[in-house]
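Scroll down for the structure; my scribbles are underneath it.
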Amino acid sequence: MPNRILILGCPGAGKGTQARQIAERFGIPHISTGDMFRSHMKKGTVLGKQIEDYMHTGQLIPDAVTCRMMVERLAEPDCANGYILDGFPRSVPQAIELDNMVVQRTEALGVVIALQVTDKEIVDRLTARRTCPKCGRIYNLKYEQPKIEGICDSEGCDAVKLVQRDDDTEATIRKRLAVYHRVTEPLLAYYAERGLRQDVMGENRTPDEIAAQIEKLLITDGKIV
Ligand code: AP5
């Protein structure tokens, strides 16, 4: 059965942390628009150059640019049996465009996980986030440290140094939160009206506890919804 899952939440809510686990557990691709944009910037593509200023200042990339990239990505063969979208859609026009994409392919969205975390927690979390530039694993200096300080634990990442994202400075985090509340938060009502939204508390619990709740929401009669 097709598995099309969306994970919504403010910057730093834990979308990437959870989406990576879900993708691994259910064998579906984890599609993060943020990771795709960062990869374009790293490779220095035309798109990468166009989006640099938006990314560094915590603004959203224009909807038309983002949707064009996603139309191409969702048409790739690995998406035929489902996916988990992390960071898309992020505005009502993007959600409408996603609805059009799935309808054109005679598909349907399965569930929208809405992670709930307060703004106060986010600033603490994101200034302490570190990521492996090779495997993408996410760490936190407060909550989830690597075994050796500053080095990724994953197999095949020996001696790879963890990095801090450019947009994880306090000023940019506050800007991203403001953009989230103004532009992305209306999606909570959008998906509630469609009967797809499932709220999950994303703070004061470990990532594993959150993952266990999400897994229960996703599985019905032994199958992913
Ligand atoms: P993107 O990369 O999507 O960033 P974001 O939405 O700001 O979210 P983050 O990746 O910062 O956080 P997350 O929720 O994944 O949290 P994580 O799991 O890492 O987007 C970046 C930029 O790209 C945007 O600003 C925009 O410019 C552009 N963009 C992307 N998509 C776009 C779109 N659709 N349209 C337009 N522009 C777009 O966790 C955070 C930290 O918390 C980690 O350190 C982690 O270890 C820790 N943590 C996780 N869970 C817990 C827990 N339960 N308790 C304690 N700590 C935890």
Side-chain angles (χ1 to χ4, degrees), residues 6-23 30-41 47-48 50-71 73-74 84-95 97-98 113-132 136-146 153 162-169 172-185 187 200-214:
L6 267 55
I7 189 153
L8 294 184
C10 64
K15 303 183 294 297
T17 302
Q18 296 300 326
R20 283 169 67 82
Q21 286 202 37
I22 295 165
H30 165 205
I31 301 177
S32 154
T33 39
D35 287 347
M36 291 167 79
F37 287 135
R38 278 185 291 278
S39 165
H40 274 281
M41 289 201 304
L47 175 61
Q50 284 171 353
I51 62 176
E52 255 170 15
D53 281 351
Y54 294 99
M55 296 283 288
H56 289 145
T57 54
Q59 299 172 75
L60 295 187
I61 313 303
D63 288 337
V65 174
T66 305
C67 290
R68 205 176 312 127
M69 180 176 80
M70 288 304 282
V71 167
R73 180 64 186 92
L74 295 183
I84 175 151
L85 300 187
D86 158 11
F88 181 85
R90 214 181 268 244
S91 65
V92 171
Q94 290 185 15
E97 188 61 36
L98 177 63
I113 305 290
L115 283 178
Q116 297 175 323
V117 181
T118 53
D119 287 10
K120 187 175 168 294
E121 163 85 0
I122 293 304
V123 179
D124 281 356
R125 265 193 202 183
L126 286 186
T127 45
R129 172 168 57 188
R130 298 293 182 271
T131 315
C132 173
R137 185 160 163 188
I138 303 163
Y139 295 87
N140 195 283
L141 300 183
K142 283 191 179 167
Y143 305 109
E144 207 190 343
Q145 295 179 20
D153 290 339
L162 304 180
V163 294
Q164 182 170 25
R165 270 173 45 176
D166 290 347
D167 59 351
D168 278 348
T169 60
T172 310
I173 293 164
R174 292 196 187 283
K175 177 80 188 284
R176 286 159 60 201
L177 279 169
V179 171
Y180 169 80
H181 290 304
R182 186 166 45 82
V183 185
T184 309
E185 213 165 52
L187 291 181
V200 172
M201 180 48 68
E203 68 180 279
N204 298 322
R205 337 161 52 187
T206 66
D208 284 347
E209 286 166 344
I210 296 167
Q213 185 189 351
I214 293 177

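Along the sequence shown, residues carry numbers from 1. Start at 1 and go down the list; that is how both ligands and their atoms are numbered.
- Only the backbone of Tyr139 comes within 4.0 Å of ligand 1, counting heavy atoms alone; no side-chain atom from C-beta on gets that close.
- Among the atoms of Asp86, none of the N or O lies under 3.5 angstrom from an N or O of ligand 1.
- Nearest to atom 35 (N) of ligand 1 by heavy-atom distance, out of Met41, Gln94, Arg38, is Gln94.
- For a threshold of 3.5 Å applied to N or O pairs, the pair formed by Arg129 and ligand 1 contains at least one separation below that value.
- Closest to atom 15 (O) of ligand 1 by heavy atom, among Gly16, Gly87, Gly202, is Gly16.
- Interatomic distance, CD1 of Ile7 versus CD of Gln18, reported as 6.0 Å (0.5 Å rounding).
- Residue Thr33 has at least one nitrogen or oxygen atom sitting less than 3.5 Å from a nitrogen or oxygen atom of ligand 1, judged on distance alone.
- Of the candidates Met70, Met69, Arg125, Arg90, the one placing a heavy atom closest to atom 54 (N) of ligand 1 is Arg125.
- Below 3.5 Å of separation, one finds an N or O of Ala13 facing an N or O of ligand 1.
- Contact annotation: the side chain of Gln59 never approaches that of Val179 to less than 4.5 Å [non-hydrogen atoms, C-beta and beyond].
- Polar contact with ligand 1: absent for Arg130 (N/O pair, distance under 3.5 Å).
- Note that the CG atom of Leu85 and the NE2 atom of His30 stand 9.0 Å from one another [nearest 0.5 Å].
- An N or O contact shorter than 3.5 Å is missing between Asp35 and ligand 1 by distance.
- Between Ile138 and ligand 1, no pair of N/O atoms sits closer than 3.5 Å.
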